[in-house]
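Whatever order the structure lists them in is the order used to number ligands and atoms, beginning at 1.
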Amino acid sequence: MPDRDQVPEVASPAKPVANASHQWPPQPDILGTRVKRLDGPLKTQGKAKYAYDIIRPGMLYGRILRSPHAHARVVSIDLSDVQKAPGVRAALAIIEPGKNPKFPGDKVLYQGDEVAAIAAATEEQAGDALRLIKVEYEVLPHLASIEQAMKPFAPVVFEGGNLKRGNVEEEGDLAAGFTAAALVVEATYSTQVQTHVCLEPHGCVCEWEGDKLTAWVSTQAVHGSREGFAQALGIPQTSVRVITEYMGGGFGSKFGPDLQGIVCAKLAKLANAPVKLMLDRKEEHLATGNRPSAAAKIKAGVAADGTLTAFDAETWGTGGAGAGSGFPLPYIYVFPHRRRHHTDVYINAGEQRAMRAPGHPQGCFITEVLMDEIADKLRMDPVEFRMKNLPPEAPNAMWRQYFPRAAEKFGWGRRHPSGDATPGPVKRGYGCAANRWGGGGRGSKAHCEIYPDGGVLMRCGTQDIGTGTRTLVAMVTAETFGLPLDAVNVEVGDSNHPFSGGSGGSTTAASVTPAIRVTADKALAALAAKVAPTLGVDAASIVASKGKIYAKDNPSKSLGWKEACRTLGTEPVSVDGEWEQGLSSSGSSGVQMAEVEVDIETGVTKVKRVTCVQDCGLILDPLTAESQVYGGIIMGIGFAMFENRILDRNTARMVNPNMEWYLLPGPSDIPQIEIVLVNQPDRGVIGLGEPPTVSTAAAVANAVANATGVRIRNLPITPDKILNALALEKSGGTL
Ligand code: MOS
């Protein structure tokens, strides 16, 4: 089965084309300043309406009945009792006789797979009524872990087999690479399954008016969701409107209406009433995607001078029931001779989805920990060793500058050799790791109106998933018209607005802001054409700045913004524009360094400090950009130390489907974070949502090894693993 919902990195040039017809202003008033999110006050006051907050007249509450079994055949579903239950207004089987909409056949393939749904007048009635749906299951053999799936004679649970071998990726001459090696390191690394844990769960409110559907959806893609509803329901896209005014996080898991969105629309149709269907935390963990696990058995060779020569890896991972587990490997560093063979392993668990830099944190952890092991064995400084093996410098590959820069800021020179020799149980260590990402832009469209009373409206069908997109749209609009931020109105988050792609792959800023700049430029030109006769100047010479419209070469010929707009008479300026090459590009790089303290009596690790040097092209709002880095690093600390989807090895049911035992970083786990954002004005805008989360776990893991002298090769780094490794070290060592 192909991977679903994977968002590719966008490949576009690392530098914008020269001579573009639109430019960013060389001396901006607003762009580049620290502007707070314009909707911050509404959010902190609870006035911002998320999908969960939408209440429609006569609205019902939908709930989904999910399989308690990891693998079963649904023999029958009897809805007759539930249809008579108090408050119940609609009921439907999701697996209709013999058919699962997601998988071939009539089986459920994991705990939490959707079986049936109902809508009732209250949430309590809906919850109670679920128990009256009678489902007969024929329980089938299941696979609860990679180990079970890979065992010889394991039951074949998935059509075509439990394992899917990929092609061998090979470059150079591996045998020659190992011949040239003075040292060969062999080790196995792995990362766990991490779930998205969006603060706002998945779900929507659906309301029909005749054959037209309006859906308030928590989604990263209003237009993608419109298409998803239309396809699944067999209705034209013109009959669907998707609204996402505010959004509480998606991280790659919310690109469409999802099955629960389609079910919600069907329930609303059946009941002839609006329906709200939002998932609870358990459903979130089980059925809305995850970062697949990754493992690699590696043999790597290095020459005596520290030059890497060879890399040979057998890799595998699970994306759950029939979904892939790919990740880039080796990551960033140059191994001239290399081979890699990947196997996807299917188990009876919820399927993977794109998650913040899909594949990269896994590939980064595996490669960067290997790099550290080699450096330690060579007795070489880890930064010096990395510098020897980086690819050549390029606009999208700036690590040769960032490692020394981060080292200076962080105080890397104070690093001791691995194994803190100071007395006492608390050991201190430093670690580092690098990241890369795409983040280029494409095809956003926008619509702009300037009214005779001076009002400005900018519309774009993008969505602000919490990153500050709405604020960036306002900043670019206001900048272009020379107006203050509060003089422009911005509308986003509605599929009736001009098309914009999904907010994924860190593509939003690089897609949307050029479209806004182009559209505002065009609107200003249209206004200038109207104003020119009044000013008695050539329209092409007119500029807008600091609330005035004037001729560039003759500033005394000027009108205030409102006066200028009055020349429009009764007809507003109304123009459309779209993304063009020249204001954005693709490819970012970054380096992170972490300091940890490990108590070797308890195994408890505390991340004290993370320093990050990161670029993302032209920085439009340093404040929201830094927010992305904070969020990425905090998420990376979760991946490094806490988060873990644990399945019961006998039942394949998740034992921690909540926020109590699925551990997340809390405020006391968050270190001091120092951010150096490298501004690259000549590259245009590049996205930043994903790269900062890539290298945190690797840097933390390397810092733990530097502190303790023992190596933890699988995430998360929990106290028990550290204590076990220390015990093992006493009886022979892990290094
Ligand atoms: Mo992202 S994982 O492309 O939302």
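Listed by atom number, the atoms of ligand 1 under 4.0 Å from A354 heavy atoms are 2 (S). Close approach of ligand 1 to Q220 (heavy-atom distance below 4.0 Å) involves ligand atoms 4 (O). Atoms of ligand 1 lying under 4.0 Å from any heavy atom of G504, numbered from 1 in the order shown and given with element: 1 (Mo), 3 (O), 4 (O).
Other residues, nucleotides and ligands place more than 12 heavy atoms under 6.0 Å from the NZ atom of K43.
Counting heavy atoms under 4.0 Å from ligand 1, residue M355 touches it through the backbone alone. At a heavy-atom cutoff of 4.0 Å, ligand 1 is contacted by the backbone of F251 but not by its side chain.
Contact annotation: G505 has at least one heavy atom less than 4.0 Å from an atom of ligand 1. Not a single heavy atom of K254 sits under 4.0 Å from any atom of ligand 1.
In the candidate list R291, H360, R356, R356 is nearest to atom 2 (S) of ligand 1, counting heavy atoms.
Using cut-offs of 30° and 60° for the angle between ring planes, the F499 and H223 rings count as tilted. Between F365 and Y189, the two ring planes are perpendicular [angle over 60°; tilted spans 30° to 60°]. Relative orientation of the Y50 and Y246 rings is tilted, given thresholds of 30° and 60° on the angle between their planes.
No cation-pi contact links R66 to Y110, judged by a cut-off of 6.0 Å to the six-membered ring centre and 45° from its axis.
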Verdict with reasoning, S511 to S444, per side chain to side chain donor-acceptor pair (under 3.5 Å): CA-CA 6 Å; S511 300; S444 270; 4.8 Å; no
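For the side chain to side chain contact (heavy atoms under 4.5 Å, CB included) test with S325, the passing option among V345, D344, T318 is D344; the others fail.
Taking distance alone, with nitrogen or oxygen atoms compared against 3.5 Å, G252 approaches ligand 1 more closely than that limit. Taking any N or O of S506, backbone or side chain, none lies under 3.5 Å from an N or O belonging to ligand 1.
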